[in-house]
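Remember, predicted model here, so these are calculated numbers, not experimental data. In what follows, residues are counted from 1 in the order of the sequence shown.
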Amino acid sequence: MGRQNLGRTPTSEGEAYMMYRNSMDACLKELSRFIDHMGGVSAECCVEALEETFGKALEYTPQDTGDLRASGYLEAETFRGNAVAVIGFGRGGNPSYAVYVHEMPFAHKAPTRSKFLQAALDEDMGEIESKLAASVKYASGV
C-alpha cells in the first residue's frame, strides 16, 4: 500500500513531497476500492436485514385472490448513489387496491391485518438495525 518508503528519511523537500504523495495515492486507491466493495454489498446487506420482516409482512397480508401477496417485493437498488432496499406491495399500482387494503381498518382473520407492511416493520425495527449493522460489519471485514 505504498509504505515501502515510509521508514526512510527523505533527502529533500521534493523527495518528501513525492513520498507523501505516493503514500496518499496508495491510501486513496485502497479507500476507493473499499468504498466500491461496500457499495456492492451494502444493498445486499439492506435486503438481507429485511428478509424476515418481508416474510412477516407476507404472512400479515390479507389474501383473497393472492394477487396482493404476489405483488410484494424486496429488492436492492441504488438511489442517488446510495444503496437501498426497496420493500412494498402493489408496485406501479398493481393490484390497484394494494394501498386501500393496507390503509383501511377492515376486520381480518388472524394473522392477516390492515397495515400489514407497517406492522411488520414496526415490530422488527430494532432487529433490522442490528442485522444491518452486523451484516455491514461482516461485509467490511472489520
Side-chain angles (χ1 to χ4, degrees), residues 1-10 13-142:
M1 195 163 103
R3 296 180 182 216
Q4 64 275 5
N5 294 327
L6 293 180
R8 199 169 120 330
T9 304
E13 284 184 26
E15 187 179 2
Y17 171 77
M18 288 307 296
M19 287 173 61
Y20 171 76
R21 182 175 174 190
N22 289 341
S23 179
M24 285 307 299
D25 284 348
C27 288
L28 290 173
K29 183 177 178 182
E30 185 63 19
L31 179 60
S32 179
R33 185 201 62 76
F34 178 75
I35 290 170
D36 289 345
H37 167 74
M38 288 308 297
V41 299
S42 58
E44 295 166 16
C45 293
C46 293
V47 168
E48 186 178 305
L50 285 165
E51 284 175 343
E52 288 182 36
T53 303
F54 180 61
K56 187 181 284 187
L58 287 171
E59 182 181 330
Y60 293 166
T61 303
Q63 184 170 341
D64 185 17
T65 64
D67 290 344
L68 184 55
R69 282 188 184 176
S71 76
Y73 56 90
L74 172 59
E75 302 168 352
E77 291 185 4
T78 301
F79 179 72
R80 295 183 181 169
N82 296 310
V84 296
V86 182
I87 185 172
F89 291 82
R91 179 180 273 166
N94 253 336
S96 60
Y97 52 83
V99 173
Y100 182 76
V101 173
H102 186 268
E103 295 299 317
M104 296 307 293
F106 295 110
H108 295 285
K109 184 177 178 184
T112 66
R113 62 190 73 185
S114 299
K115 305 237 183 225
F116 44 91
L117 179 55
Q118 182 179 338
L121 288 168
D122 287 346
E123 289 172 19
D124 290 359
M125 190 52 65
E127 290 178 38
I128 294 167
E129 291 171 355
S130 296
K131 288 177 186 176
L132 183 57
S135 184
V136 170
K137 183 177 179 180
Y138 176 78
S140 69
V142 175

- [ ] Please report the C-alpha distance between Ser114 and Val101 in whole Å, then the side-chain angles of each, then the deciding distance to 0.1 Å, and finally whether the side chain to side chain contact (heavy atoms under 4.5 Å, CB included) criterion is met.
- [x] CA-CA 7 Å; Ser114 299; Val101 173; over 6 Å; no

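Interatomic distance, OG of Ser71 versus CG of Asn94, reported as 8.0 Å (0.5 Å rounding). Distance check: Arg113 CZ to Glu59 CD gives 8.0 Å after rounding to the nearest 0.5 Å. Note that the NZ atom of Lys115 and the CE atom of Met104 stand 10.0 Å from one another [nearest 0.5 Å]. Atoms OG1 and CD1, from Thr53 and Ile87 in turn, are 6.5 Å apart once rounded to the nearest 0.5 Å. In this structure, the separation between OH on Tyr97 and CG on Asp67 is 4.5 Å, given to the nearest 0.5 Å. With rounding to the nearest 0.5 angstrom, the CG atom of Leu50 is 5.0 Å from the CD1 atom of Ile128.
What you find for Ala120 and Ala57 is that their closest heavy atoms are CB-N, 3.7 Å. Closest of all the heavy-atom pairs between Arg69 and Thr112 is NH2-CG2, 3.7 Å. Annotation for Leu68 and Phe89: closest pair O-CD2, 3.4 Å, computed over non-hydrogen atoms. Among all heavy-atom pairs drawn from Gly90 and Ala98, the shortest one is CA-CB, 3.8 Å.
Between Phe116 and His102, a ring centre-to-centre spacing shorter than 6.0 Å is recorded. Taking the six-membered ring for Trp and the full ring otherwise, the centers of Phe54 and Tyr73 sit at least 6.0 Å from each other.
Not counting sequence neighbours, the partners of Lys56 by the salt bridge (Lys or Arg N to Asp or Glu O under 4.0 Å) test are Glu123, Asp124. By the salt bridge (Lys or Arg N to Asp or Glu O under 4.0 Å) test, Glu52 is found to be paired with Lys131, residues two or more places apart in sequence or in another chain being considered. Contacts of Glu77 classified as salt bridge (Lys or Arg N to Asp or Glu O under 4.0 Å), with partners at least two apart in sequence or in another chain: Arg91.
Other residues, nucleotides and ligands place no more than 12 heavy atoms under 6.0 Å from the CG atom of Asp64.
In this structure, Val84 and Cys46 have side chains that are not in contact, with every pair of non-hydrogen atoms separated by 4.5 Å or more.
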